[in-house]
Amino acid sequence: MINKAQHIARIVQNSIERTYSVQDLSISIERTKDERFGDFSTNAAMMHSNRLKESPMSIGEKLCRDINKSLSKDLLADKVELVKPGFINFYISKKFWIDIFREVVLVGKNYGRSNTGDGKKILVEFVGSNPTGPLNVVSARAASIGDSLCNILSFNGYDVKREFYINDAGEQISRLVESLIARYTQIHDPCFEFPDDGYHGDYVKDMAEELNRVYKGKSLLNKIDDDVWFRCRHFILSSQKRDVENFGVKFDKWFSEKELLHDSDKITDTLKKLEERGFTRKKDDATWFQSTKLGDDEDRVLVKSNGVPTYFLADIAYHLDKFNRGFDKAIDFMGPDHHGHIGRLKMAMKALGIDEKWLDIFIVQQVNLMRNGEKIKMSKRAGRFETMKDLVSEVGKDAARFFFLMRTQSSHLDFDLNLAKEESSKNPVYYIQYAHARLCNILKHAEAQKVSIEEIEIANTELLDKAEEVELAKTLAGFEDTCEARVLTYAPHKIAGYLLKLAGIFHNFYNKHRVVTGNKELTAARLLIVKSTGIVLANGLRLLGISAPKKMQNKD
RNA sequence: GCGCCUGUAGUUCAGCUGGAUAGAACAACAGAUUCCGGAUCUGUAGGUCGGGGGUUCGAAUCCCUUCAGGCGUACCA
């Protein structure tokens, strides 16, 4: 399939060559936002007005005349027109658009797929957190965005791996173990004091109960017990795994900071490498990364004065490990509290001689849960905070994912719980899913009327000339551009927006035109529309990790 | 103090590398259905793109400045 925009760019380029004998002028072709300006437009006449030493309108006029002359009508465009400041607008012929319905049905599940990635290996790290408690709503947001991005990258020919980084080394988990032992001790001695900076959540009490079944009241105080540590980590991690799985995300690897970095030589190797490259220095018994050499305000600690490596050093080692595993690119999604970390990590990569473009890091911004128009206060210290699990059980996986995917990751999101739960047209997820269910129902109805698949496949598309039909064709054609990785790589929300638009156009079409009628030929042609729309909706929803139901559940 | 994110309709947000009269959803108001699911559709109204400068054929978009909100600025992770 020839890309329409490229096709038009070629035409314009040729015309410039003929008219001005100038080559190598870059031409950009855009889809117009407004129908009145045709389907595609180019600003070439304005862009190159300086170089050609002529006014935009004058250039445009010449090009337009030339293009019109060379364009045979049945090819691509009905009309080419010059407008006001100097835009040249192309009106694509209906027939050219209508062909898309058959193409979509032929390509099916693969419609929208591309090979721009060319098998390049990409590692996407997201959600990853301390195993110190249940995953929260920001993790859920990261899970939606990260997972969907992976789907989109795969769809565009990249070889994608999903990875979850477990921060199971360091202070935080030690503090959790401390809290756990305190809760455990409290079972037998209610007066036992709980540490101020401990983890207050109820899940710690649940773990303590479980611990009690094993240790049966034996004192665990004044003793750092590997077994308790291990049980604690296991308890948290398996619940996190369950949450993520229920959210429809499958990680290729759960990367343990402790096992795979600290218990190996990777940390010391990384440190050695930084030393060799002249980026470390000693001060106050600690080892520092000389990030000031790369423009940072101050140097950063790699190894604390007590000899323990920092999270920062471990993360450098982790990323070096990713690089050594042969990935062409790494993408990280981090929580809003990590943003100070980004610059430093990138500097460290630079210090190690890794190309800056190899690593992209994005911040997934915070989430405010709204109920009845009011913000829900989250307090991690008090142990009350909205978890991913609660969110999914309250609004469902599909709604949760869609709401997160409607927005760019950088926006501070207000999540409206009431709206997400509502089973009505106000709720965009249901709106899209209903479009899919509705069209499945039409196909089922047609089947009952004994319309065969063969009839649909050989349908006469020339019968399709209604405005709503052409609009659907144009919109379906737009799915390819929407999926194109270049535009879309870090913006799954565009798929969500696209699906919403497509669903709306379909509902409109449905209301204006009856599909299954006594007119067999027209019925077949319209069923082709229905079928292709269904394919595109399903493909889009699949990229978002949201189901495309054949029928909607009854309200009551 | 410094750094990052955000500021667009009553509300929540789109707006791709600058483009033509700044879009959508929800809320508001007015309408549509003998028939494939009304969980639907159509229409109306709603804006000094936080403010002020600059760059150019042309700015919500780029640059400078200023105001407001959030976050970060640990030998925590």
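Within every chain, numbering begins at 1; the chains are lettered A, B, ... in the order of the sequence lines, protein sequences first and strands thereafter. Just so you know, these numbers use all the heavy atoms, side chains as well, and skip hydrogens, waters and symmetry mates.
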For the side chain of [X] and the base of [N], is some donor closer than 3.5 Å to an acceptor across the two?
X      : N     : value
A:D337 : B:G72 : no
A:R344 : B:U73 : no
A:S41  : B:A20 : yes
A:H338 : B:G72 : no
A:N89  : B:A20 : yes

Strictly below 4.0 Å, N to O, side chains only: are [X] and [Y] in salt-bridge contact?
X      : Y      : result
A:R281 : A:D299 : yes
A:K466 : A:E468 : no
A:E455 : A:K520 : yes

So, the side chain of [X] versus the backbone of [Y]: is there a donor-acceptor pair under 3.5 Å, distance only?
X      : Y      : value
A:Q433 : A:S547 : yes
A:S411 : A:R407 : no
A:Q240 : A:G133 : yes

Is [X] close enough to [N] that one of its side-chain N or O atoms is under 4.0 Å from OP1 or OP2 there?
X      : N     : result
A:T408 : B:A14 : yes
A:S411 : B:A14 : yes
A:Y431 : B:C26 : no
A:S410 : B:U6  : yes
A:K494 : B:C16 : no
A:K512 : B:A32 : no
A:K304 : B:A77 : yes
A:N511 : B:A32 : no
A:Y498 : B:A24 : no
A:H507 : B:U42 : no

[X] has a side chain; which of [options] sits nearest to it?
X      : options             : answer
A:Q366 : B:U73, B:C71, B:G19 : B:C71
A:E171 : B:A20, B:C36, B:C76 : B:C76
A:M47  : B:U42, B:A77, B:G19 : B:G19
A:K426 : B:A77, B:C26, B:U12 : B:C26
A:F37  : B:A20, B:G15, B:C76 : B:A20
A:Y510 : B:G72, B:C36, B:A77 : B:C36

How is [X] classified with respect to the nucleic acid when contacts are heavy atoms under 4.0 Å: base, sugar-phosphate, or nothing?
X      : value
A:R300 : nothing
A:D284 : base
A:I363 : nothing
A:A448 : nothing
A:Q172 : base
A:K444 : nothing
A:P336 : sugar-phosphate
A:R514 : base
A:H513 : base

Measure [atom1]/[X] against [atom2]/[N] and give the value in whole Å, please.
X      : N     : atom1 : atom2 : value
A:N418 : B:A25 : CG    : P     : 21 Å
A:E257 : B:A77 : CD    : P     : 8 Å
A:H493 : B:U12 : NE2   : C1'   : 14 Å
A:H341 : B:U73 : NE2   : C1'   : 14 Å
A:R407 : B:U8  : CZ    : C1'   : 13 Å
A:F506 : B:C36 : CZ    : P     : 14 Å
A:L500 : B:G23 : CG    : P     : 18 Å
A:L413 : B:G70 : CG    : P     : 18 Å

Expressed as a whole number of Å, how far does the [atom1] atom of [N] sit from that of [M]?
N     : M     : atom1 : result
B:G53 : B:U12 : C1'   : 32 Å
B:U8  : B:A59 : C1'   : 14 Å
B:G51 : B:A68 : P     : 15 Å
B:A9  : B:A27 : C1'   : 11 Å
B:C36 : B:G19 : C1'   : 43 Å
B:A22 : B:C26 : P     : 22 Å
B:A60 : B:G7  : P     : 15 Å
B:C16 : B:G50 : C1'   : 24 Å

Inset, instruction - Would you name the heavy atoms of A:G540 and A:I495 that are closest together and state the gap between them? - result: O-CG2, 3.8 Å

Inset, instruction - Find out whether the Lys NZ or Arg CZ of A:K322 is both under 6.0 angstrom from the six-membered ring centre of A:Y318 and within 45° of the ring's axis. - result: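 Yes, A:K322 lies over the aromatic ring of A:Y318.
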
Inset, instruction - Mark yes or no: A:R344 above the aromatic ring of A:F289, with NZ or CZ under 6.0 Å from the six-membered ring centre and no more than 45 degrees from the axis. - result: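 No, A:R344 does not sit over the ring of A:F289.
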
Legend entry - Complementary nucleotide of B:G23, counting Watson-Crick and G-U pairs under 3.5 Å: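 Base partner found: B:C13.
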
Legend entry - Closest-nucleotide 5' rank along RNA chain B - winner of A:I29 and A:N508: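 Result: A:I29.
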
Inset, instruction - Using heavy atoms to find the nearest nucleotide of RNA chain B for A:N306 and A:R31 separately, return the residue whose nucleotide is more 5′. - result: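 So the residue in question is A:R31.
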
Legend entry - Single hit among A:V301, A:I316, A:D315 for side chain to side chain contact (heavy atoms under 4.5 Å, CB included) with A:T310: A:V301

